[in-house]
Every structure is written in C-alpha cells, then in structure tokens.
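Read the numbers this way: they start at 1 and go in the same order the structure lists the ligands and their atoms. All values below come from the heavy atoms of this structure, side chains included, with hydrogens, waters and symmetry mates left out. Numbers here are sequence positions counted from 1.
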Amino acid sequence: MKLIFLGPPGAGKGTQATGISASLRVPHISTGDMFRAAVKNQTPMGLRIKEYMESGQLVPDEVVIEMAKERLAEDDCRGGYLLDGFPRTVEQAEALEKFSAPDAVINIEVPDEKLMHRLTGRRVCAKCHGTFHIETLADEKVCPVCGAELIHRDDDKPETIGKRLQVYHEQTAPLIGYYEGNGKLRTVDGDNRPEDVYKAILASLE
Ligand code: AP5
C-alpha cells in the first residue's frame, strides 16, 4: 500500500508511523528526518536547507520533490510506502501523482491549542529515533528505550512552532481539499490516546 500521513506539526505522524509501517510492512519515509540528517552531516543540500528548517519555513518544492522521487524509486518501496511529511504543498502532491500516486491519505486532526503543548515537550532519541513527551519521561535527557541521549529539536521552540503552524494552515491544509477531491482522504481524530489513534488509522484502511 502507498500511504500518506497528513496533519499539522505535532499531530502524531511520526509517533503513529512506526507502528503502522511495521503493520503494513512498508518503509516509513519522513522527509523531515531526511532533511535533519542532511543538515547534521552538512551535505550540500543540508547547507542549502538549514535556514528554512530553523525558521519553520518549507524547503523549496523542487528540492523536496527531487529527493522524494529518488527515495521512492529505491527497491524497498516496490511494495508501497508510508510517507510522513510529504507532500506538503499542492505542487508536491501533483508531482507525486505523476511519479508514484498514493492509494490513501490519512489526515490526522488535532486542534492547534494542543499542538503547542505537544511540541514544546517533545524529545526525540538521537539513536533509535523514538519520540516521547517530557510528561511521560522519568529523565528527559535519556531515551527510555535504548538509553541514548534525547534531543530537543531546534524547531520546537515556541516562536518557531507558531511559524510552522501558520505555514501548515497556509500551504499544507489545502491538501485536505485536494485529496477529498480525488477520493483518497480518510480523516482520523488524533486528539485521543496514541493506541486509540493507531486503531482508528488501521480501521480507516479496512
Ligand atoms: P517534519 O519533521 O516533517 O515536522 P512536522 O510535520 O512539523 O511534524 P512533526 O515531526 O513536528 O510532528 P509529528 O506529527 O510527527 O508529531 P510527533 O509524532 O513527533 O518537518 C520538519 C521541517 O522539515 C519542516 O518545518 C520543513 O522545514 C522541512 N520539511 C519536511 N518535509 C517537507 C516538505 N515535504 N516540504 C517542504 N519542507 C519540508 O508527536 C509530537 C509530540 O506529541 C511528541 O511529544 C509525542 O510524544 C506527542 N504525541 C504524539 N501522539 C500523541 C497523542 N495521541 N496524544 C498525546 N501526545 C501525543
């Protein structure tokens, strides 16, 4: 199955992608993770996109589209994929339809007022990439799964989160109408316990 997770920053796309991709036996492809790796490794693309990411802006369409096209052409995507964070503009969605049209799009809905709390408290493991919230951690610096260091993402500062939400509403939310229009959209209430959101996503795919 070729699946897309759509939703605002902090909706729980990454949290849900781990279990759902394992359940569907497809690779979890996060454009945000790919960009963060490029910035960390200071690749030519990483140097070009760093400022966009740090300020909460979208990376230019042509850069993202080329990267996604190359990634989806790899062997492990032959049986499908779970895309987390792509597409994010109508231009990206139109490009994807041409090189690897998705079967379904899950729109994870969470009210804005909950997102700020989720993102300011998020911690991500530098090693196993697990995602956590400080409210559920005994030690906010140590991964409860593998013991590695937990990171507070640079773009999870309140002022950058505000910008990311604004960018989501202006540039990404129009994709809801786009995928409603071609009959691929399924909407799930993301403002529930993670295990209930997981069940709702699987049920929406039946
Ligand atoms: P990206 O990494 O994709 O960030 P995002 O879309 O803003 O999404 P997040 O990772 O912030 O949130 P999420 O929905 O995965 O939530 P999570 O599961 O972590 O992109 C980063 C940047 O890269 C962009 O700003 C842009 O610059 C660039 N970029 C990437 N793709 C691009 C593209 N296609 N085009 C252009 N630019 C692009 O959960 C968040 C928190 O909530 C965690 O603490 C978690 O524990 C908690 N939580 C999760 N689920 C629940 C729940 N059900 N109840 C309570 N808490 C929960």
Side-chain angles (χ1 to χ4, degrees), residues 4-21 28-40 45-46 48-69 71-72 82-93 95-96 106-112 114-125 129-137 140 143-145 150-157 160-173 175 188-201:
I4 290 174
F5 275 1
L6 186 64
K13 303 182 294 296
T15 300
Q16 296 299 332
T18 309
I20 299 288
S21 65
H28 166 207
I29 298 170
S30 157
T31 44
D33 284 348
M34 292 168 84
F35 286 141
R36 276 183 288 280
V39 170
K40 188 176 171 205
M45 181 180 73
R48 181 174 169 203
I49 65 172
K50 191 170 185 280
E51 264 183 47
Y52 293 102
M53 295 194 68
E54 282 178 354
S55 61
Q57 309 269 2
L58 293 184
V59 170
D61 282 336
E62 68 274 13
V63 178
V64 195
I65 290 169
E66 192 52 36
M67 183 178 77
K69 192 174 176 184
R71 179 64 187 88
L72 296 184
L82 195 173
L83 271 174
D84 159 10
F86 181 89
R88 244 170 159 112
T89 62
V90 171
E91 190 173 341
Q92 293 177 22
L96 181 64
I106 307 286
N107 175 34
I108 306 179
E109 278 188 335
V110 178
D112 275 13
K114 302 276 178 86
L115 298 171
M116 182 64 82
H117 172 76
R118 284 190 184 190
L119 291 171
T120 49
R122 171 167 58 184
R123 298 293 181 274
V124 185
C125 178
H129 303 292
T131 300
F132 309 95
H133 194 277
I134 49 173
E135 279 177 348
T136 63
L137 291 166
E140 65 179 73
C143 175
V145 175
L150 290 176
I151 307 283
H152 189 190
R153 264 170 55 173
D154 284 343
D155 60 352
D156 279 348
K157 297 182 202 112
T160 316
I161 295 169
K163 181 66 192 170
R164 287 162 64 204
L165 287 172
Q166 183 196 342
V167 166
Y168 166 78
H169 287 293
E170 287 172 4
Q171 300 189 52
T172 306
L175 288 178
V188 163
D189 183 2
D191 188 14
N192 278 316
R193 294 182 309 158
E195 52 273 37
D196 293 333
V197 179
Y198 174 80
K199 284 184 202 150
I201 292 172

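- Here is the list of ligand 1 atoms found below 4.0 Å of a heavy atom in T131: 19 (O), 43 (C), 45 (C).
- One finds the NZ atom of K50 at 14.5 Å from the CE atom of M45 (value rounded to the nearest 0.5 Å).
- Not a single N or O atom of S30, backbone or side chain, sits closer than 3.5 Å to an N or O atom of ligand 1.
- The protein atom (non-hydrogen) at minimum distance from atom 38 (C) of ligand 1 is F35 CE1, 3.8 Å.
- Panel note: side chain K13, backbone G7; a donor-acceptor pair is recorded below 3.5 Å.
- Closest protein heavy atom to atom 9 (P) of ligand 1: R122 NH1, 3.3 Å.
- At the shortest separation from atom 37 (N) of ligand 1 among protein heavy atoms lies V59 N, 3.0 Å.
- For the pair I4/L96, a side-chain contact is recorded, criterion being any heavy-atom separation below 4.5 Å from C-beta on.
- Among the atoms of D156, none of the N or O lies under 3.5 angstrom from an N or O of ligand 1.
- Annotation: atom 6 (O) of ligand 1 to nearest protein heavy atom, R88 NH2, 2.6 Å.
- Ligand-side atoms of ligand 1 in range of R36: 2 (O), 21 (C), range being under 4.0 angstrom from any heavy atom.
- In this structure, P87 falls outside the shell of residues with a heavy atom less than 4.0 angstrom from ligand 1.
- Summarising the geometry of C125 relative to F132, their closest heavy-atom pair is CB-CE1, 4.4 Å, with the distance given to 0.1 Å.
- Residues T89 and V64 fail the side-chain proximity criterion, which asks for heavy atoms closer than 4.5 Å.
- Within the 4.5 Å cutoff, no side-chain heavy atoms of I161 are placed close to those of L115.
- The closest side-chain heavy-atom distance from R71 to M67 is not below 4.5 Å.
- Counting heavy atoms from C-beta on, the side chains of K163 and Q57 come closer than 4.5 Å.
- Here L119 has side-chain heavy atoms under 4.0 Å from ligand 1, and that is the only part of it that gets that close.
- For atom 35 (N) of ligand 1, the closest non-hydrogen atom on the protein side is Q92 NE2, 3.0 Å.
- Nearest to atom 16 (O) of ligand 1 among the protein's heavy atoms is G12 N, 3.3 Å.
- Counting heavy atoms only, R118 comes closest to atom 56 (N) of ligand 1 of the residues R164, M53, R118.
- The nearest protein atom to atom 12 (O) of ligand 1, hydrogens excluded, is given as G10 N, 2.9 Å; this is a heavy-atom distance.
- Residues H169 and D112 have side chains in contact (heavy-atom distance under 4.5 Å, counting atoms from C-beta outward).
- A donor-acceptor contact closer than 3.5 angstrom is absent between the side chains of H28 and D33.
- The ligand atoms of ligand 1 that sit less than 4.0 angstrom from a heavy atom of G14 are 13 (P), 15 (O), 18 (O).
- Between L150 and E140, every side-chain heavy-atom pair lies at or beyond the 4.5 Å cut-off.
- Atoms of ligand 1 found under 4.0 Å from any heavy atom of F132 (numbered from 1 in listed order, with element): 43 (C), 44 (O), 46 (O).
- Counting non-hydrogen atoms of neighbouring residues, nucleotides and ligands closer than 6.0 angstrom, the CD atom of E51 reaches no more than 12 such neighbours.
- Residue contact check for ligand 1: Q16 places no non-hydrogen atom closer than 4.0 Å to it.
- Across the listed options Q57, E51, K13, R153, R153 owns the non-hydrogen atom lying nearest to atom 4 (O) of ligand 1.
- The closest approach between G7 and ligand 1 stays at or above 4.0 Å for every heavy atom of the residue.
- At distances below 3.5 Å, at least one donor-acceptor pair connects side-chain atoms of T31 with backbone N or O atoms of G85.
- Of all atoms in ligand 1, numbered sequentially from 1 with element shown, those under 4.0 Å from a heavy atom of T15 are 17 (P), 18 (O), 39 (O), 45 (C), 49 (C).
- Less than 4.0 angstrom separates some heavy atom of T31 from each of these atoms of ligand 1: 30 (C), 31 (N), 32 (C), 34 (N).
- Each of the following atoms of ligand 1 lies closer than 4.0 Å to a heavy atom of G190: 53 (N).
- Side-chain contact between H152 and R123: present, with at least one pair of heavy atoms (C-beta onward) separated by less than 4.5 Å.
- Under a 4.0 Å criterion applied to the non-hydrogen atoms of V64, ligand 1 contributes the atoms 33 (C), 34 (N), 35 (N), 36 (C).
- For atom 53 (N) of ligand 1, the closest heavy atom belonging to the protein is N192 O, 2.8 Å.
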